[in-house]
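Just below is one structure, and these are the notes that go with it.
The first residue in the sequence is number 1, and the count goes up from there.
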Amino acid sequence: ELNGEEAIAPAQHQRHRKMLALCRAATSPESLIATIEGARKSKNWKYSTTATYIGALYGAVKNPFVNPSDRIVSLVMSPKFSKYHAVIRRKLLTEEVNFPKAATAQQINSVVSNEKHDTSPRMAILLAWSLAGRVSDILKIRTHFININRSPKEQRATILVKFVDGKGV
């Protein structure tokens, strides 16, 4: 059986600790909001990032490694802070998203051709790019989940991949 800290993904646990450390000095809901707003502005967080960190703060105060009588718990659970969180969530809906640019076929070919010795990285890169898959999900695919069908009449092949594990599943 997992205890509270072990049941949390390491990255999320790190966000919890980061937000608790950032907000520990707050003495009122207003000072907690000012602390988060200060971090948002100084670090150029988008509203989506701010909402993620606020969510991490909510998660942190509900976990066993935080004492329920700790002042930060009452501040985070206050109606004023909940309203602030609602405002941030509303603002993120109108925020422009900066999508990363997709790699071109030329860039993929360049990367793949530079990997001469090991075919595994080449195959992972080609599968991730051609299937628009997350690299982490691609790396979890087992060979028996990949089916390549090549028609004898055509120079093209169809690839059928079964994703069974990962965030994109």
Side-chain angles (χ1 to χ4, degrees), residues 1-24 36 39-66 72-73 76 85-86 88-169:
E1 182 162 321
L2 298 176
N3 68 35
E5 289 191 42
E6 291 170 338
I8 302 168
Q12 186 65 9
H13 185 69
Q14 186 176 3
R15 274 191 289 275
H16 287 178
R17 294 238 182 250
K18 178 180 182 176
M19 287 307 291
L20 286 172
L22 176 69
C23 299
R24 200 57 81 191
I36 293 174
R40 185 182 71 76
K41 289 175 182 171
S42 70
K43 297 176 183 183
N44 293 318
W45 287 347
K46 288 190 157 278
Y47 289 114
S48 56
T49 303
T50 308
T52 297
Y53 281 118
I54 291 172
L57 188 55
Y58 275 114
V61 300
K62 291 179 181 179
N63 276 294
F65 62 86
V66 174
I72 191 71
V73 175
V76 170
H85 188 205
I88 294 295
R89 286 194 320 263
R90 259 193 319 277
K91 287 183 177 182
L92 77 84
L93 296 175
T94 60
E95 186 172 61
E96 188 175 318
V97 178
N98 296 330
F99 291 106
K101 291 185 178 179
T104 65
Q106 183 181 9
Q107 290 169 321
I108 295 298
N109 286 333
S110 173
V111 169
V112 169
S113 65
N114 286 334
E115 184 56 59
K116 304 275 189 232
H117 304 291
D118 189 358
T119 59
S120 296
R122 289 194 316 216
M123 184 57 73
I125 291 167
L126 288 171
L127 281 172
W129 188 73
S130 61
L131 300 173
R134 294 172 172 271
V135 173
S136 60
D137 293 349
I138 296 293
L139 295 175
K140 294 175 184 172
I141 297 173
R142 299 292 162 242
T143 54
H144 60 276
F145 291 135
I146 301 174
N147 187 358
I148 301 174
N149 295 316
R150 181 175 284 259
S151 170
K153 297 177 184 177
E154 296 181 32
Q155 291 185 346
R156 299 177 66 148
T158 58
I159 301 173
L160 178 65
V161 178
K162 183 178 180 182
F163 290 88
V164 294
D165 192 19
K167 187 174 182 177
V169 173

Practice item. Under the side-chain contact (heavy atoms from CB on, under 4.5 Å) rule, what do L20 and V61 come out as? Steps first, then yes or no, please. Key: CA-CA 8 Å; L20 286 172; V61 300; 4.3 Å; yes
Exercise for review: Mind telling me whether Y53 and W45 have parallel, tilted or perpendicular rings, with 30° and 60° as the class edges?
Suggested key: parallel
Check your understanding: What distance do N109 atom CG and L126 atom CG have between them, rounded to the nearest 0.5 Å?
Key -> 7.5 Å
Check your understanding: In Å and rounded to the nearest 0.5 Å, what is the CD1 to OG distance from I138 to S130?
Key -> 7.5 Å
Point to revise | Value rounded to 0.5 Å, distance of NE2 in H85 from OG1 in T50 | key: 9.5 Å
Exercise for review: For E95 and S48, work out which heavy atoms get closest and say how close.
Suggested key: OE1-N, 3.3 Å
Exercise for review: Compare every heavy atom of A128 with every heavy atom of V135, then report the nearest pair and how far apart it is.
Suggested key: CG2-CB, 4.0 Å
Check your understanding: Is there a donor-acceptor pair closer than 3.5 Å between any side-chain N or O of W129 and the backbone N or O of A103?
Key -> yes
Study note, to complete from the structure: For V112 and R122 the tightest heavy-atom approach is O-CD, 3.1 Å
Check your understanding: Is there a donor in the side chain of R15 and an acceptor in the side chain of Q12, or the other way round, less than 3.5 Å apart?
Key -> yes
Check your understanding: How many angstroms lie between CG in L131 and CD1 in I141, if you round to the nearest 0.5 Å?
Key -> 6.5 Å
Study note, to complete from the structure: Paired with Y47, the side-chain contact (heavy atoms from CB on, under 4.5 Å) test is passed by just one of T94, L93, I88, namely I88
Check your understanding: CE of M19 to CD1 of I36: how many Å apart, nearest 0.5 Å?
Key -> 4.0 Å
Practice item. Please report the closest heavy-atom contact between E96 and K46, naming both atoms and the distance. Key: O-NZ, 3.0 Å
Revision key, fill the gap. Heavy-atom nearest pair, A51 first then L92, reads CB-CD2, 3.5 Å
Point to revise | For the student: nearest non-hydrogen atoms of A39 and L22, plus distance | key: CB-CD2, 3.9 Å
**Study point:** All ring pair (Phe, Tyr, Trp, His ring centres under 6.0 Å) counterparts of F145, not counting sequence neighbours
**Key:** none
**Study point:** S110 side chain vs Q106 backbone, donor-acceptor pair below 3.5 Å
**Key:** no
Check your understanding: To the nearest 0.5 Å, how far apart are NE2 in H16 and NZ in K62?
Key -> 10.5 Å
